[in-house]
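Please read all numbers here as calculations on a predicted model, not as lab measurements. Each ligand, and each atom within it, is numbered from 1 in the order the structure gives. Every heavy atom of this structure was used, including side-chain atoms; hydrogens, water molecules and symmetry mates were not.
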Amino acid sequence: MTRRPYIVGNWKMHGTRAMLSEARAIDRAAQRHMKVEVAIAPPYTLIHPIHREAEQIAVGAQDCHHEDGGAHTGDISGAMVADAGASFVILGHSERRTGHGESDALVRAKAGAAFAAGLRVILCCGESAATRESGKAVAFIKRQLKASLPAADQLPADIADRLTIAYEPIWAIGTGTPATADDIAEMHGVIRALLIDLLGAEQGAEVRILYGGSVKPDNAAAIFAVSEVGGALVGGASLTADSFMGIALAASEPFDG
Ligand code: PEP
């Protein structure tokens, strides 16, 4: 089965209520591109207001805690973001791994908690420039992904629908220069093989693998043409409806993913 392309905007720490008009514009445009699944992950403060108005797009969180509740000042749980209207959560983004020292073990615990809260999970992986230059990118991604995913017997039965992987090479994020088609094809092939190994042939083949790192309207079609690319996780270009939906438009053409 070929799944709909999945285009997800990560607003990071951008957006006050003034951005609600942009979310509305994205939602309206998404209703004209039903061949594409469009979602945004705004800051926590905007999850509920966007969810309340959205008719087409899904709304998600950019992180959640690995416990359901308790004495964790400033943290928020999967159950809480679900209660606010989030249907998915992005976990293991490189800005969390580096900026907040999140280990693979912590990301794995967060993924388990998010699944238990009924959320879908977008699990990010990506190597640094130094790792790529040392020729160890493939080994790094295999290890990082394996260590960040809960063990197979801890995963929900509908894992192919609940899990999405985002390959986001750190050196391509926010730089304006995405990875080359060859680099993306190689890494997405490696991730697909690993998913089949971990989840079995049927489920492992169904999980979507997004590419993230400087995706823009003018390079999106070329990226979506790469084998095993099931959509994109978009940072900077998701902040305006015009550029974000330009990417969704590129994804509405049939592509292999
Ligand atoms: C990201 O940080 O998830 C990302 C892909 O950012 P950008 O599109 O701005 O490179």
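With ligand atoms numbered from 1 in the order given, ligand 1 contributes 5 (C), 10 (O) to contacts under 4.0 Å with heavy atoms of Gly213. Less than 4.0 angstrom separates some heavy atom of Ser214 from each of these atoms of ligand 1: 7 (P), 8 (O), 10 (O). Set against the non-hydrogen atoms of Asn10, the atoms of ligand 1 under 4.0 Å away are 3 (O). Proximity to Gly236 (heavy-atom distance under 4.0 Å) selects the following atoms of ligand 1: 7 (P), 8 (O), 9 (O).
When the options Glu186, Glu228, Glu206 are evaluated for a salt bridge (charged side-chain N to carboxylate O under 4.0 Å, His left out) with Arg192, the one that passes is Glu228.
Looking from atom 1 (C) of ligand 1 to the surrounding protein, the closest heavy atom is His93 NE2, 3.2 Å. Closest to atom 5 (C) of ligand 1 among all protein heavy atoms lies Glu168 OE2, 3.1 Å. Atom 8 (O) of ligand 1 has its closest protein heavy atom at Gly235 N, 2.8 Å.
Proximity of Lys12 to ligand 1 is established by a heavy-atom distance of less than 4.0 Å.
Residues Ile159 and Ile191 are members of one and the same hydrophobic cluster, defined by side-chain heavy-atom contacts under 4.5 angstrom among Ile, Leu, Val, Met, Phe, Trp and Tyr.
Contacts between Ile173 and ligand 1 below 4.0 angstrom, taking non-hydrogen atoms only, involve backbone and side chain alike.
Below 30°, between 30° and 60°, or above 60°: for His188 and Tyr211 the angle between ring planes is between 30° and 60°, a tilted geometry. Ring geometry, His72 versus His66: the interplanar angle falls from 30° to 60°, so the pair is classed tilted.
Cation-pi contact between Arg208 and Phe88: absent, since separation from the ring centre below 6.0 Å together with deviation from the ring axis within 45° is not met.
Inter-residue side-chain proximity for Arg97 and Asp104 is flagged as met; some heavy-atom pair is nearer than 4.5 Å. Here the side chains of Leu155 and Gln203 are not in contact, with every heavy-atom distance at 4.5 Å or above.
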